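The sequence lines fix the lettering, A, B, ..., with proteins before strands; numbering per chain opens at 1. The shown structure was predicted, so the numbers you read here are calculated from the model rather than taken from an experiment.
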Amino acid sequence: CVGSFPPGLFFSLFMRVGTAPICAYGQAGCHVPSLADLFDRVIQQSSRMHGISSDLHSEFEQYFLPSKNLIGKRKCHTYGILTPDDKENAQRLGREQLTEVILRLLGAWGDPLSQLYRSMSQDQNQDFNHYSSNKALEISDMVHELRDGVSKMADKMKLLGVLGNTVGYISPEGLVPSSAISFYKRGELNSMDHHDLLYCFRRDSNKVKNYLRILKCTTLPGLDC
Amino acid sequence: MTVCTRMRGHLGLALLLLLSAAVESNSMSPPGKPVLLGCRSPEKETFTCWWEPGSDGGLKTTHRLFYERERLEGKHECPDYRSAGRNSCFFDRDHTSIWVDYHLTVVASNELGNTTSDIFKMDVMEIVKPNTPENVTLLVMKREDNLYLHVRWEPPYNTDTKSGWVTIKYELRVKQEKSNEWKEYTSGTETHINLYNINPGTLYAVQVRCRLDHGSWSEWSNSTSVNTPDYPHNEKLFWILVSMLSAVPFITAMCILVMKRKNVKQYLLPPVPGPKIRGVDVQLLKRGRSEDVINALIINQSFPPMVAWKDQIEEYLIVSDDGLLLDPSSSQKRKKSLIIPAGFHLDLGIQCKEPTPVQRDLQKAEERKNEMDNFVKANTSLTEGNLSDMEPPQPPTQKQLFPIASFVKTTDQSPSKHNSAAENTVKPLANCGYVDIQRHENAKEVDVIEVDYSRVKEVSGDNILILQRGNIPGYMDIQRQKENIPEDYSRVKEVDGDNKVLLQRQNASTDSSCREKGNHYTDCTNQKLRNPHVTGPSKVGVCTELIGSGYVDTIPAPPLM
């Protein structure tokens with residue numbers, strides 16, 4: 001389970017993946033994770049991230065009748081990122097583009113989630129308990145880790161030749177408006193904004209999870225697919 | 001007047017009612033509001049929505065579903081009203097998009113008007129609920145005499161679990177026929193499972209369901225059942241044979257026991273021996289005349305008091321009633337007092353007693369271990385002490401001699417103690433001051449008659465007991481008898497050194513005889529001389545010093561260990 005996998009180790013492993021196979025703590029003879037291992041870890045992480053965001057969102061649903069959303073059409077700040085919206089489209093997209101989409105999505109959420117956490121922990125309203133704001137922190141951290149992990153995995157895929165070189169490391173700034181949060185609201189976020197944010201993130205994390213799995217099964221078809 | 005208006009009012013009301021009823025029965029009205037019940041996607045690629053129509057208003061009413069979608073312009077209508085049945089809308093792959101919001105409405109329309117339902121918002125991501133797994137098969141398998149159930153099934157219809165688009169997870173539950181409780185197991189992504197903890201001879205029912213990602217669980221599949229076989233009969237036969245075979249020796253054992261029950265009874269419950277008097281014939285007692293019985297009893301009686309006394313812890317010191325036996329020199333020497341032979345079993349046995357002072361003295365005597373090289377002494381003055389003032393004999397015989405030592409106190413003790421002890425211990429003596437030196441166990445058979453008893457008249461000094469010369473009933477007789485003493489009693493003539501007692505050979509019944517110096521030495525001295533190598537505390541005090549009547553039992557003592 002990825003949760004038991006210390007983030008630092010995860011990070012350092014990915015850092016060294018592209019270079020000589022040195023294990024994180026320098027143990028002699030420890031094996032470098034294979035691409036399949038990397039996929040598994042990444043997929044587990046994304047699945048967990050989606051689960052937590054779903055929990056958080058349903059907690060919000062208890063407090064807010066989504067009246068506003070029913071009438072108005074919600075827009076997420078990542079709407080600019082074109083994502084395949086069904087299976088065929090995702091499969092047709094190709095590995096490189098799929099990887100790029102994944103990285104874009106993950107990159108777009110780093111900052112908004114940190115802000116969400118900050119806003120939630122400062123919330124005077126106290127609608128959420130400490131547990132909820134911890135969850136927000138957790139997904140905020142996870143999204144950063146996942147982005148780094150996927151990019152390292154992409155590097156490994158390039159190394160192995162399964163991925164073309166068209167995918168570069170994409171910096172988040174180039175993809176989304178610099179102040180993603182301001183997309184939702186100028187100024188301080190309130191609970192309603194939290195709810196919108198979480199709704200959008202829940203969806204995007206589900207996309208990431210699905211895309212990663214498609215990527216894995218097209219790259220390494222096996223029993224798990 | 002009022003009655004009339006009231007009646008008119010009533011009539012009007014009735015007419016109105018009739019009219020409305022007429023209108024109603026004949027009228028058509030716009031349809032009632034339909035209600036969207038929900039939508040469901042079985043594989044995250046298509047979905048279906050259902051609605052509940054309202055009243056139809058008496059006219060033919062049609063329902064249409066419209067939707068608006070994120071990232072899609074305009075309002076669209078349901079692509080397929082048929083595939084999913086009545087009052088449903090089926091969205092095929094081309095019309096299904098994930099991660100976008102659909103806003104659905106159903107419009108019921110008839111000739112009179114339309115009625116629109118509430119907007120139903122959904123995202124396909126949220127409505128995933130798969131079909132039930134297919135072809136659940138249940139088999140009873142056996143491996144190495146272990147029964148287990150093998151359950152196998154297939155993925156739900158039309159669900160793509162191969163491309164990674166969805167990850168399916170299965171769950172099954174098992175129930176025995178008698179109980180109502182289901183036991184659940186998760187299977188992960190495998191489509192088969194083995195259940196090992198099953199009982200034979202039971203009907204088992206199994207159901208399977210599945211789930212895609214974190215979506216809803218499907219319905220349980222139809223129950224599949226199977227019967228597990230009973231224990232095979234040949235096993236029963238085997239056990240019957242075994243029990244029969246083991247019963248045979250058991251039965252034989254019982255027969256033997258029954259036949260030999262007398263022996264068994266004797267072995268287990270041996271008869272308790274009845275009382276038996278030696279020399280008395282039980283039959284005689286039963287049958288005989290009284291004279292015969294009495295004669296038998298008397299003749300056979302031998303009265304061996306010695307035997308009886310042996311068990312008793314009695315110790316008697318024979319002391320003379322004049323202190324002149326002792327040399328003045330010897331009286332000063334503390335060490336020359338009663339020499340108690342090692343073999344003597346000097347257990348204390350004053351008949352009437354205060355045990356506690358005696359025991360106390362015992363302990364005190366034990367403390368004086370270092371003074372064990374002293375002999376027991378007879379004291380000369382009453383005030384100084386009493387019987388207990390005698391010093392305890394030597395260590396090797398310590399254990400045996402302790403009881404006498406209880407009589408004995410070391411002279412080092414404070415006078416006060418002496419006095420108090422004297423008082424304590426004199427008392428019992430006053431009551432029954434019998435002192436006897438018990439015969440040694442190894443002693444040759446001596447007549448009981450040789451036991452000497454004398455009553456202590458007074459205790460003088462540390463180590464002298466003054467015995468009464470008077471008539472002590474019973475015992476005195478014995479003593480007198482003793483005066484015709486066999487050769488192994490002698491009077492102590494003098495004490496010489498640490499370990500020598502010079503005895504007179506003559507039997508003396510009077511004091512004067514005590515003073516006679518004999519020409520012979522007693523056996524004991526001879527004996528003493530014979531064992532020159534015995535030195536020090538290990539010396540056997542073969543003879544005991546006698547005060548008073550002056551008889552010394554010269555039974556040779558055994559060598560000291």
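The choice from B:Ile168, B:Asp123, B:Asp213 that makes the most heavy-atom pairs within less than 4.5 Å of chain A is B:Asp213. Among A:Leu215, A:Asn89, A:Asp85, the residue making the largest number of heavy-atom pairs under 4.5 Å with chain B is A:Asp85. By number of non-hydrogen pairs under 4.5 angstrom with chain B, the leading residue of A:Arg202, A:Lys216, A:His50, A:Gln91 is A:Arg202.
Contacts of A:Pro84 with chain B are made by backbone atoms alone, with heavy-atom separations under 4.5 Å and no side-chain atom involved. For chain A, no part of B:Thr189 is nearby; none of its heavy atoms comes within less than 4.5 Å. For B:Arg71, the part sitting under 4.5 Å from any heavy atom of chain A is the side chain, from C-beta outward, and nothing else. Neither the backbone nor the side chain of A:Thr218 comes within contact range of chain B, judged by heavy atoms closer than 4.5 Å. Residue contact with chain A, scored on non-hydrogen atoms closer than 4.5 Å, is absent for B:Val124. If you measure heavy-atom distances from A:Lys209 to chain B, the contacts under 4.5 Å come from the side chain alone.
Counted by atom type alone, A:Ser119 and A:His194 present one or more donor-acceptor pairs between their side chains at under 3.5 Å. Residues B:Glu43 and B:Thr159 bring no donor and acceptor atom of their side chains to less than 3.5 Å of each other. Counted by atom type alone, B:Thr105 and B:Thr116 present zero donor-acceptor pairs between their side chains at under 3.5 Å. Of the N and O atoms on the side chains of A:Asn210 and B:Lys44, at least one donor lies less than 3.5 Å from an acceptor on the other residue.
Taking the six-membered ring where tryptophan is involved, the planes of B:Tyr102 and B:Tyr67 are tilted, since the angle between them lies from 30° to 60°.
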